K.L.:
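To start, I am sharing the structure in question, which I have written as structure tokens.
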Number of protein chains: 2
Amino acid sequence: MIGRLNHVALAVPDLAAAVTLYRDTLGADVSAPQALPEHGVTVVFIDVGNTKIELLEPLGEGSTIRPFLEKNPSGGMHHVCYEVDDIIAARDRLTASGARVLGDGQPRIGAHGKPVLFLHPKDFMGALIELEQV
Amino acid sequence: MIGRLNHVALAVPDLAAAVTLYRDTLGADVSAPQALPEHGVTVVFIDVGNTKIELLEPLGEGSTIRPFLEKNPSGGMHHVCYEVDDIIAARDRLTASGARVLGDGQPRIGAHGKPVLFLHPKDFMGALIELEQV
């Protein structure tokens with residue numbers, strides 16, 4: 001069911017400093033920052049050839065990244081996103097097996113303009129998993 | 001400098017249960033477990049097409065995964081591994097910029113039989129980064 005790794009998301013407390021770190025120190029190909037207020041983040045995309053790394057900084061008071069950074073003030077690995085062909089079929093298979101989908105269980109349109117869902121990390125050994133229909 | 005994402009490593013408290021979860025619930029292509037006592041882990045590899053997910057369970061008392069699981073008993077995202085062409089050149093560039101390499105600073109042979117280094121997460125916004133020469 002799960003397909004390619006679409007991206008790994010890292011939460012960072014200071015996106016400008018993170019861009020400098022990844023571009024200058026790690027020599028990576030980093031995009032310009034994009035504010036996504038409807039997702040509560042400002043994001044940069046790092047193209048590493050076979051997948052993407054996304055650096056997320058909280059945007060707005062209700063940002064879901066904010067509680068993570070309160071627990072991990074230096075930042076850290078936030079989630080992994082796998083591609084699926086059919087997000088409704090994937091959700092139904094997962095919930096039938098007892099796994100929980102975050103929120104109201106309905107896919108919403110993610111940062112790439114495609115339907116996404118997040119799975120409860122308690123059901124996946126502490127890893128926050130995003131599914132994106134491609 | 002950093003190249004492709006070689007793998008994402010997730011620490012798990014129970015590898016047999018993790019295999020069931022990833023194979024049966026998430027429908028992933030999971031390898032047989034391999035004990036790597038010299039690395040203090042038992043590992044399974046999940047081929048997601050464009051990269052790998054590695055599930056790590058502690059093996060032996062001195063396992064470096066063990067303190068992570070003491071802090072995160074359910075498991076969690078442990079590290080990301082980027083490929084580099086020349087690990088000595090990468091190390092020298094990173095240390096010249098002030099970044100710290102874990103251990104004695106010398107590459108050792110990693111789980112795939114290739115030279116690896118780990119970078120200090122405090123220098124990379126809380127993310128533990130492995131570099132592997134390919």
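So that the names make sense, note that chain A is the first sequence line, chain B the second, and so on, each numbered from 1. Predicted model only: the values in this text are computed from it and were never measured.
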K.L.:
Do B/Met77 and A/Val8 have side-chain heavy atoms sitting under 4.5 Å apart?
P.N.:
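Contact flag for B/Met77/A/Val8 side chains = yes.
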K.L.:
Where does A/Arg4 contact chain B at under 4.5 Å (heavy atoms): side chain, backbone, both or neither?
P.N.:
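It is both, since atoms from each part get that close.
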K.L.:
Can you tell me which portion of A/Thr51 sits under 4.5 Å from chain B's heavy atoms? Options are side chain, backbone, both or neither.
P.N.:
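For A/Thr51, the contact with chain B is made by backbone and side chain together.
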K.L.:
Kindly compute the distance separating OG (B/Ser74) from CG (A/Asp123), expressed to the nearest 0.5 Å.
P.N.:
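If we round to the nearest 0.5 Å, B/Ser74:OG and A/Asp123:CG are 10.5 Å apart.
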K.L.:
For A/Leu10 and B/Met125, what are the C-alpha separation, side-chain angles and deciding distance, and is it a side-chain contact (heavy atoms from CB on, under 4.5 Å)?
P.N.:
CA-CA 9 Å; A/Leu10 311 179; B/Met125 296 199 170; over 6 Å; no
K.L.:
Given heavy-atom pairs under 4.5 angstrom as the criterion, report whether the side chain, backbone, both or neither of B/Leu119 touches chain A.
P.N.:
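Contact with chain A involves the side chain of B/Leu119 alone.
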K.L.:
Just how far is it from atom CD1 of B/Ile53 to atom CD1 of A/Ile129, taken to the nearest 0.5 Å?
P.N.:
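The CD1 atom of B/Ile53 sits 9.0 Å away from the CD1 atom of A/Ile129.
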K.L.:
Taking side chain as everything from C-beta outward and backbone as N, CA, C, O, which of these in B/Ala11 sits under 4.5 Å from a heavy atom of chain A? Side chain, backbone, both or neither.
P.N.:
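It is the backbone, since no side chain atom gets that close.
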K.L.:
With a 4.5 Å cut-off on side-chain heavy-atom distances among I, L, V, M, F, W and Y, is there a chain of contacts connecting B/Val30 to A/Leu94?
P.N.:
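Cluster IDs for B/Val30 and A/Leu94 match.
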K.L.:
Under 3.5 Å, side chain of B/Asn50 to main-chain N/O of A/Leu5, donor-acceptor pair present?
P.N.:
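Confirmed, B/Asn50 side chain pairs with A/Leu5 backbone.
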K.L.:
Measure distances from A/Phe124 to the heavy atoms of chain B and classify the residue's part below 4.5 Å as side chain, backbone, both or neither.
P.N.:
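A/Phe124 touches chain B through backbone and side-chain heavy atoms alike.
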K.L.:
Could you tell me which of B/Asp24, B/Ile2, B/Leu26 has the largest number of non-hydrogen atom pairs under 4.5 Å with chain A?
P.N.:
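When all of B/Asp24, B/Ile2, B/Leu26 are compared, B/Leu26 has the most.
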K.L.:
So what's closer than 4.5 Å to chain A heavy atoms on B/Val84: side chain, backbone, both or neither?
P.N.:
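Contact with chain A is absent: no heavy atom of B/Val84 under 4.5 Å.
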K.L.:
Do B/Leu69 and B/Leu36 sit in the same hydrophobic cluster, where Ile, Leu, Val, Met, Phe, Trp and Tyr count as joined when their side-chain heavy atoms come under 4.5 Å apart?
P.N.:
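Cluster IDs for B/Leu69 and B/Leu36 match.
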K.L.:
Going only through I, L, V, M, F, W and Y residues with side-chain contacts under 4.5 Å, is there a path from B/Val80 to B/Val12?
P.N.:
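They do share one cluster, since a chain of ILVMFWY contacts under 4.5 Å joins B/Val80 to B/Val12.
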K.L.:
By a 4.5 Å heavy-atom criterion (distance strictly below it), what part of A/Leu55 contacts chain B: side chain, backbone, both, or neither?
P.N.:
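For A/Leu55, neither part sits under 4.5 Å from chain B.
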K.L.:
Transitively linked via ILVMFWY side-chain contacts under 4.5 Å: B/Val48 with B/Leu15?
P.N.:
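Yes: a chain of side-chain contacts under 4.5 Å links B/Val48 to B/Leu15.
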K.L.:
Is there a chain of hydrophobic side chains (I, L, V, M, F, W, Y, each step under 4.5 Å between heavy atoms) that links A/Val101 to A/Met1?
P.N.:
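Yes; A/Met1 is reachable from A/Val101 via cluster members.
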K.L.:
Relative to chain A, which segment of B/Thr25 carries a heavy atom at a distance below 4.5 Å: side chain, backbone, both, or neither?
P.N.:
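Contact with chain A: backbone and side chain both.
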